[in-house]
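For reference, the structure discussed in these notes is given below.
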Amino acid sequence: MSSTTHQHAIPEIAWPLRRGGWRSAVDAAIDALYPRRCLVCDGAGQPGLDLCPLCEAELPWLPPACPRCALPSMFGLPCERCSGRSSPIQRTRAAFVYNAPIDRLLPRLKFHDDLCAGRLASSLMLRVLQNADRPDAVIAIPLHRKRLRKRGYNQALELAKPIAQALDLPLRGDLLHRREYTEAQSSLDKEARALNMQDVFVGLHGKREVPRHVTLVDDVMTTGATLEAAAIALKAVGVQRVDAWVCARVP
Ligand SMILES: [Zn+2]
Ligand SMILES: [Zn+2]
């Protein structure tokens with residue numbers, strides 16, 4: 001395959017080209033040797049993308065949504081809930097509504113060691129982040145140490161790493177700590193869950209200067225309690241603005 005075709009077919013992954021010719025040359029060589037497979041239907045993928053054109057056309061992109069909580073809203077105006085309350089998160093960007101096939105792809109990343117699913121999800125997220133407000137640093141929502149040891153990787157970090165690299169932003173893992181907690185989160189109702197979350201995160205002063213504006217990265221946003229608790233912890237150590245970038249929003 002010629003490199004021209006490669007670039008025409010996938011303008012959305014133009015970022016490796018920006019980062020230097022060797023990288024795109026390596027990518028092109030890998031694509032030629034190991035043609036991509038579609039992670040959704042197992043058909044033939046596209047250069048630089050583990051997704052076939054048909055499955056790509058069916059992706060559940062987020063419609064116009066509330067700028068604060070990313071719930072679909074009329075004309076992308078703030079939703080009723082956000083108009084009536086303050087939130088530690090200023091802007092939330094989500095790429096998708098948590099529907100098929102994203103609702104199958106993200107659990108594969110989270111529970112089945114499928115890091116290719118993470119690579120695909122982050123490259124799709126980058127398409128909607130090109131015009132997002134640029135933070136001073138990116139932070140992946142941390143896992144508790146015990147869970148990290150069991151799983152071997154943090155799915156949020158698997159999304160945050162390529163995003164930070166593509167947007168040339170520092171990825172800070174030294175500012176937010178997640179404590180262990182004992183009560184099973186899923187057995188709690190929404191309000192109790194939010195209360196329970198408040199003590200889960202601790203902001204740290206970190207090894208370098210605390211950035212003014214950070215963006216949290218996570219795979220799925222359900223109630224927003226996790227992101228808000230993390231934002232509160234970061235603000236306690238001097239971060240002034242916190243945004244969130246998530247792959248999918250549960251409506
Ligand atoms: Zn497919
Ligand atoms: Zn809202």
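None of these values were measured; they are calculated from a predicted model.
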- [ ] First locate atom SG of Cys79, then atom CZ of Arg68, and finally report the distance between them rounded to the nearest 0.5 Å.
- [x] 9.5 Å

Task: Pairwise distance CZ(Arg178) to CG(Leu148) - rounded to 0.5 angstrom - done: 11.0 Å

Task: Exam field: side chain Gln46 to backbone Leu51, donor-acceptor pair closer than 3.5 Å - done: yes

Task: The single option from Leu204, Leu234, Val237 passing side-chain contact (heavy atoms from CB on, under 4.5 Å) against Leu176 - done: Leu234

Open item on the list: Test of understanding: clusters of I, L, V, M, F, W, Y form through side-chain heavy atoms closer than 4.5 Å, transitively. Do Ile141 and Val210 belong to the same one?
Closed with: yes

Task: Sidechain N-carboxylate O distance under 4.0 Å for Asp243, Arg91 - done: no

Open item on the list: Main chain of Leu54, side chain of Glu58: is a donor-acceptor contact present, judged purely on distance under 3.5 Å?
Closed with: no

Task: Side-chain heavy atoms of Leu105 within contact of Leu39, under 4.5 Å - done: yes

Open item on the list: Between Ile163 and Leu129, does the side chain to side chain contact (heavy atoms under 4.5 Å, CB included) criterion hold? Intermediate values first, please.
Closed with: CA-CA 9 Å; Ile163 287 172; Leu129 295 178; 4.0 Å; yes

Open item on the list: On a heavy-atom basis, which atom in Pro211 and which in Ala137 lie closest, and how many Å separate them?
Closed with: CG-CB, 3.9 Å

TODO: Compare all side-chain heavy atoms of Pro101 with those of Leu59 and state whether any distance is below 4.5 angstrom.
DONE: yes

- [ ] With the side chain counted from C-beta on, respond yes when Pro60 and Ile102 share a heavy-atom pair under 4.5 Å apart, and no when they do not.
- [x] yes

TODO: Could you check if a side-chain atom of Arg249 sits within less than 4.5 angstrom of a side-chain atom of Tyr98, using non-hydrogen atoms only?
DONE: no

Open item on the list: So Cys69 and Ser87, do their side chains get closer than 4.5 Å, heavy atoms only?
Closed with: no

TODO: Check step by step if salt bridge (charged side-chain N to carboxylate O under 4.0 Å, His left out) holds for Asp219 and Lys110.
DONE: CA-CA 9 Å; Asp219 53 349; Lys110 199 164 183 169; 3.7 Å; yes

- [ ] Would you mind reporting whether Pro78 and Ser73 have side-chain heavy atoms less than 4.5 Å apart?
- [x] no

Open item on the list: For Arg93 and Asn131, which I'm curious about, is there any donor-acceptor pair between the side chains at under 3.5 Å?
Closed with: yes

Open item on the list: Could you report the tightest heavy-atom contact between Leu216 and Ala230, atom names first, then the distance?
Closed with: CD1-CB, 3.9 Å

Task: Interatomic spacing from SG in Cys66 to CE in Met74 - rounded to 0.5 Å - done: 13.5 Å

Open item on the list: If the threshold is 4.0 Å, N to carboxylate O, is there a salt bridge linking Arg119 and Asp50?
Closed with: yes

Open item on the list: So does Gln240 get a backbone contact from the side chain of Arg212, meaning a donor-acceptor N/O pair under 3.5 Å?
Closed with: no

Task: Sidechain N-carboxylate O distance under 4.0 Å for Glu228, Arg85 - done: yes

Task: Transitive ILVMFWY side-chain link Val250 to Met125, under 4.5 Å - done: yes

Task: Co-membership, hydrophobic cluster, residues Leu143 and Leu171, 4.5 Å side-chain - done: no

Open item on the list: Between the side chains of Glu56 and Arg36, is the shortest nitrogen-to-carboxylate-oxygen separation below 4.0 Å, so that they form an ion pair?
Closed with: no

TODO: Output yes when a side-chain donor or acceptor of Arg134 lies under 3.5 Å from a complementary backbone atom of Leu167, and no otherwise.
DONE: yes

- [ ] Going by the side-chain contact (heavy atoms from CB on, under 4.5 Å) test, name the single residue among Leu120, Asp114, Leu159 that passes it with Leu109.
- [x] Leu159

Open item on the list: Once rounded to the nearest 0.5 Å, what's the spacing between atom SG of Cys116 and atom CZ of Arg108?
Closed with: 8.5 Å

Open item on the list: Please find the pair of heavy atoms, one from Pro162 and one from Glu158, that lie closest to each other, and give the distance.
Closed with: CD-O, 3.0 Å

Task: Min side-chain heavy-atom separation Val220-Val246 under 4.5 Å - done: no

Open item on the list: As a quick check of understanding, evaluate side chain to side chain contact (heavy atoms under 4.5 Å, CB included) for Gln155 and Phe111, giving each step before the final call.
Closed with: CA-CA 9 Å; Gln155 78 281 357; Phe111 303 113; over 6 Å; no

TODO: Using a 4.5 Å cut-off on heavy atoms from C-beta on, say whether the side chain of Val242 contacts that of Lys235.
DONE: yes

Open item on the list: Strictly below 4.0 Å, N to O, side chains only: are Arg151 and Asp113 in salt-bridge contact?
Closed with: no

- [ ] Could you tell me whether a side-chain N or O of Asp136 sits under 3.5 Å from a main-chain N or O of His213, the two making a donor and an acceptor?
- [x] yes

Open item on the list: With rounding to the nearest 0.5 angstrom, report the CZ to CG distance, Phe201 to Leu175.
Closed with: 13.5 Å

- [ ] Tell me whether Leu77 is reachable from Leu71 by hopping between hydrophobic residues (I, L, V, M, F, W, Y) whose side-chain heavy atoms are closer than 4.5 Å.
- [x] no

TODO: Could you tell me which non-hydrogen atom of Ala94 sits nearest to which non-hydrogen atom of Ala70, and how far apart they are?
DONE: CB-CB, 4.0 Å

Task: Leu169 with Val128, same ILVMFWY side-chain cluster at under 4.5 Å - done: yes

TODO: Could you go through the side chain to side chain contact (heavy atoms under 4.5 Å, CB included) check for Phe96 and Leu124 one step at a time?
DONE: CA-CA 9 Å; Phe96 300 107; Leu124 295 171; 3.8 Å; yes

